Novice: 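Quick one: the structure is below, and I'll ask about it shortly.
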Amino acid sequence: MLDINLIRTQPELVKQAVRDRQNPELIDVIDQALALDGKRREALREVETLKAQRNTVSKEIGRMKDAAEREAKIVEQRTVNERIAALDAELRQVEAELEAAVSALPNLPDPRTPVGATEDENVVLRTIGEPRAFDFTPQPHWDLGPRLGILDFERGTKLAGSRFYVLTGAGARLQRALIAWMLDLHIRQGYTEAYLPFMVKGDIVYAAGQLPKFRDNLYRDAEEDYWMVPTAEIPLTGLHKDEILDGASLPRNYTAYTPCFRREKIAAGRDVRGIKRGHQFDKVEMYVYCKPEDSDAALEAMREHAEATLAGLGLTYRVKQLCTADIGFGARMTYDLEVWAPGCNEWLEVSSVSNVGDFQARRGNIRFRREAGAKPELVHTLNGSGLGLPRTLIAVLENNQQADGSIVVPDVLLPWMGGITRLG
RNA sequence: GGAGGGAUGGCCGAGCGGUCGAAGGCGGUUGUCUUGAAAACAACUGUGGGCGCAAGCUCACCGGGGGUUCGAAUCCCUCUCCCUCCGCCA
């Protein structure tokens, strides 16, 4: 969430930001917020004056001895209270509308985020590695997997419908190895592992910025206020909600494995083949809470940590910087990592690393104190995947395939493979 | 799921519906004393909002929300969480 003070003092800056993000319709929302903010402050001034008066009068009444005089004062105060009640009701209404308006506004892009009209203006910064040259036609994973008996689409569909699949045997084991290896890698990079609830309360989803905007993309319990996490970023943001952290404890780096649940209400025919996009997928996430002045450096560090996973697996990937049209709602600056999948013949997004600034911190009321007695300040938060599992699995399967259809297990995963060096 | 008991400031713990933003203690900060430290003593020690250049003034907050009242930490309703016992369960 943006600071209402910023919107009030620099409305043009905020308007330019939504224009850059290709959300010109939000200009109206900004104007609406400004109007509501004015109304709020006006009503607040009046009601607070009346309440100060009421507090004084009530104390006087408490001290009064003369019954008649006392009664007269009480009657007089009743009419003032009616006005207070009316103003309080108005204020509640205005504040709810203001909150709704401001919470609909996306974060300000970092000045270094390139301005672009569509995702085509994302910038490929560099490519690491060369797409592997094959002396045979590389197969897509949706052919490789079933042939090897490690990937079962039919039974996934039987169990849960379209966009679900089952991994069995060495396939399931390979994914588990990837998860364990990534977690251990991030721990070595300075992150603390966390095991988190996979369902969280609505206010936690809100603090992370997914509600109300992305309501339609989330699964939720039909009877209770439980929301299935679409990413570990949600519980990791909520972890320190409403806390004042000790400045000396920053940065706090977390890594967590969670499944992710998404409705993926996209066109029915798109991305249906294979395991690229499902309603349930696994992910290892990185998350950092830090001081404002440290978040720029933390973003670069996190990008490097994510890159280290791809490099460790020996995969070819490229680093993209997203433009204003494509960065996420809460993000100021984002790097995407895309891995080359020779079977699908495309670059797959496996990681997105973002500096969110104080956007989630303001929504979640997450602060820190530089030293004892200092005023609390909002922290900055960053999140990044390290990595999304299905697409990483796709890349491993497709890149490591041999002419005979077998797949060589990457060296770093061998400790978890129980002696399996090759699938098939 | 059933029956009870709780929730107060960083922590512990008081609090007849009226001068309570809240006693007392612990912890913390600063000062006095001391060569230094400890002890002792003294002062200070929550968060958010509004007005103001500032000093300061003011509003709200005693788990969340709503209500009664001139006035609520204190009374009523409701929700959440925690504890004890029973049942059930991985």
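In what follows, chains are A, B, ... by sequence order, proteins preceding strands, each numbered from 1. Bear in mind that the values here come from a model prediction, so they are computed numbers and not experimental data.
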Novice: Let's test this: given Watson-Crick or G-U wobble pairing with both distances under 3.5 Å, identify the partner of B:A43.
Specialist: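 Pairing partner: B:U29.
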
Novice: How close or far is atom P of B:G48 from atom CD of A:E95, stated in whole angstroms?
Specialist: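 Atom-to-atom, A:E95 to B:G48, this comes out as 17 Å.
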
Novice: Could you identify the nucleotide paired to B:C81, looking across every strand shown and requiring Watson-Crick or G-U wobble geometry with both distances under 3.5 Å?
Specialist: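 Base-paired to B:G6.
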
Novice: So, A:Q16 and A:D20: side-chain donor and acceptor under 3.5 Å apart, yes or no?
Specialist: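 Side chains of A:Q16 and A:D20: pair found under 3.5 Å.
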
Novice: From the options B:U47, B:C51, B:G49, select the nucleotide whose nearest atom is closest to the side chain of A:E48.
Specialist: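 That would be B:G49.
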
Novice: Pairing donors with acceptors under 3.5 angstrom, does anything connect the side chains of A:E233 and A:Q360?
Specialist: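 Short answer, yes.
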
Novice: Nearest to the side chain of A:N55 - B:U47, B:G49, B:A60?
Specialist: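 Closest nucleotide to the A:N55 side chain: B:A60.
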
Novice: Taking pairing as Watson-Crick or G-U wobble with both contacts under 3.5 Å, can you name the mate of B:A14, or confirm there isn't one?
Specialist: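 WC or wobble partner does not exist here.
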
Novice: Which value, in whole Å, describes the distance between the C1' atoms of nucleotides B:G56 and B:C82?
Specialist: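 Between the two C1' atoms, the distance is 42 Å.
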
Novice: What distance, rounded to whole Å, do you find between the two C1' atoms, one in B:C53 and one in B:A37?
Specialist: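 Nearest-Å result for B:C53 against B:A37 at atom C1': 45 Å.
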
Novice: Is the number of heavy atoms from other residues, nucleotides or ligands within 6.0 Å of CG (A:N365) greater than 12?
Specialist: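 Atom CG in A:N365 is packed in, count exceeds 12.
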
Novice: Any side-chain donor paired with an acceptor under 3.5 Å for A:S406 and A:R422?
Specialist: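 Yes, a side-chain donor-acceptor pair sits under 3.5 Å.
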
Novice: Below 4.0 angstrom from OP1 or OP2 of B:C59, is there any side-chain N or O of A:R45?
Specialist: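 For A:R45, the contact criterion (side-chain N or O under 4.0 Å from OP1 or OP2 of B:C59) is not met.
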
Novice: Measuring only the P atom in each nucleotide, how far is B:U58 from B:A22? A whole number of Å is fine.
Specialist: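 Their P atoms lie roughly 13 Å apart.
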
Novice: Is it the case that the ring center of A:Y289 lies less than 6.0 angstrom away from the ring center of A:H380?
Specialist: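 Not under 6.0 Å, so no.
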
Novice: Partner of B:C75 by Watson-Crick or G-U wobble geometry, both contacts under 3.5 Å, or none?
Specialist: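 Because both required distances fall under 3.5 Å, B:C75 counts as paired with B:G67.
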
Novice: Take the protein atom CE of A:M64 and the nucleotide atom C1' of B:U19, then report the distance between them rounded to whole Å.
Specialist: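 For the pair A:M64 CE and B:U19 C1', the rounded distance is 15 Å.
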
Novice: Give the rounded distance in Å between these two atoms: CG of A:N365 and C1' of B:G46.
Specialist: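 Whole-Å distance recorded here is 14 Å.
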
Novice: In whole angstroms, how far is the P atom of B:G48 from the CZ atom of A:R41?
Specialist: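 Checked: the CZ to P distance equals 18 Å.
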
Novice: Looking only at atom P, what distance separates B:G49 and B:A39, rounded to whole Å?
Specialist: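 Per the computed distance, 38 Å lies between those P atoms.
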
Novice: Roughly how many Å is it from CD in A:E243 to P in B:G48, rounded to a whole number?
Specialist: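 The answer, rounded to whole Å, is 15 Å.
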
Novice: Can a side-chain donor-acceptor contact be found between A:T255 and A:Y287 if the only test is distance below 3.5 angstrom?
Specialist: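 Absent: no donor and acceptor within the cut-off.
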
Novice: Would the A:H240 and A:Y254 ring centres measure less than 6.0 Å apart?
Specialist: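 Ring centroids of A:H240 and A:Y254 are less than 6.0 Å from each other.
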
Novice: Is the side chain of A:S351 donor-acceptor paired with the backbone N or O of A:D336 at a distance under 3.5 Å, no angle test?
Specialist: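 Checked: no pair found.
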
Novice: In whole Å, what is the span from the CD atom of A:E46 to the C1' atom of B:C51?
Specialist: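 These atoms are roughly 15 Å apart.
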
Novice: Using only side-chain N and O atoms of A:R40, determine if any of them is under 4.0 Å from OP1 or OP2 of B:C59.
Specialist: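 No, no such contact exists.
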
Novice: For nucleotides 76-81 of chain B, read 5' to 3', which letter fits each nucleotide if B means a protein heavy atom sits under 4.0 Å from the base, S means only the sugar-phosphate is that close, and - means neither?
Specialist: ------

Novice: Could you go over nucleotides 70-73 of chain B and give all protein N or O partners under 3.5 Å, atom names and distances?
Specialist:
residue : atom : partner : partner atom : Å
B:C70   : OP1  : A:R78   : NE           : 2.7
B:C70   : OP1  : A:R78   : NH2          : 2.3
B:C70   : OP2  : A:R78   : NE           : 3.4
B:C70   : O3'  : A:N81   : ND2          : 2.7
B:C70   : O2'  : A:S58   : OG           : 3.4
B:G71   : OP1  : A:N81   : ND2          : 3.2
B:G71   : O4'  : A:S58   : OG           : 3.1

Novice: Return the nucleotide paired to B:U35: Watson-Crick means purine N1 to pyrimidine N3 with N6-O4 or O6-N4, wobble means G-U with N1-O2 and O6-N3, both under 3.5 Å.
Specialist: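 Partner of B:U35: none found under 3.5 Å.
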
Novice: Just how far, in rounded Å, is P of B:G65 from CG of A:D203?
Specialist: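 After rounding, the gap between these two atoms is 13 Å.
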
Novice: Work out how far the C1' atom of B:C51 is from that of B:G64, and round it to whole angstrom.
Specialist: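 Their C1' atoms lie roughly 30 Å apart.
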
Novice: When rounded to the nearest Å, what value does the distance between C1' atoms of B:G15 and B:U19 take?
Specialist: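 Per the computed distance, 15 Å lies between those C1' atoms.
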
Novice: What nucleotide, of B:A60, B:G48, B:G50, holds the atom closest to the side chain of A:K51?
Specialist: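 Looking only at heavy atoms from C-beta outward on A:K51, the closest nucleotide is B:A60.
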
Novice: Could you work out the separation of B:A14 and B:G9 based on their P atoms and round it to a whole Å?
Specialist: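 Here B:A14 and B:G9 have their P atoms 13 Å from each other.
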
Novice: For A:R92 and for A:R367, find the nucleotide of RNA chain B with the closest heavy atom, then tell me which residue's nucleotide is more 5'.
Specialist: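 Mapping each residue to its closest nucleotide by heavy atoms, the 5'-most match is A:R367.
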
Novice: Ring centres of A:H279 and A:F261 under 6.0 Å apart?
Specialist: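 Judged by ring-centre distance (under 6.0 Å), A:H279 and A:F261 do not meet the cut-off.
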
Novice: Between A:I4 and A:T49, name the one whose nearest nucleotide on RNA chain B is closer to the 5' end.
Specialist: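 Nearer the 5' end of the strand: A:I4.
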
Novice: Checking the side chain of A:N399 only, and the main-chain atoms of A:A395 only, is there a donor and an acceptor separated by less than 3.5 Å?
Specialist: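 At least one qualifying donor-acceptor pair exists.
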
Novice: Is a donor on one side and an acceptor on the other found under 3.5 Å between the side chain of A:E398 and the backbone of A:G343?
Specialist: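 Answer holds: yes.
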
Novice: Within this structure, what is the CG-to-P distance between A:D88 and B:G66, rounded to whole angstrom?
Specialist: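 About 10 Å, once rounded to whole Å.
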
Novice: Among A:K39, A:R40, A:R41, which residue meets the salt bridge (Lys or Arg N to Asp or Glu O under 4.0 Å) test with A:E95?
Specialist: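 Result: among A:K39, A:R40, A:R41, A:R40 is the only option passing the salt bridge (Lys or Arg N to Asp or Glu O under 4.0 Å) with A:E95.
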
Novice: Which value, in whole Å, describes the distance between the C1' atoms of nucleotides B:A73 and B:G13?
Specialist: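 14 Å, rounded to whole Å.
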
Novice: Is B:G1 paired to anything, Watson-Crick or G-U wobble with both distances less than 3.5 Å, and if yes, which nucleotide?
Specialist: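 Check on B:G1: paired to B:C86, both distances under 3.5 Å.
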
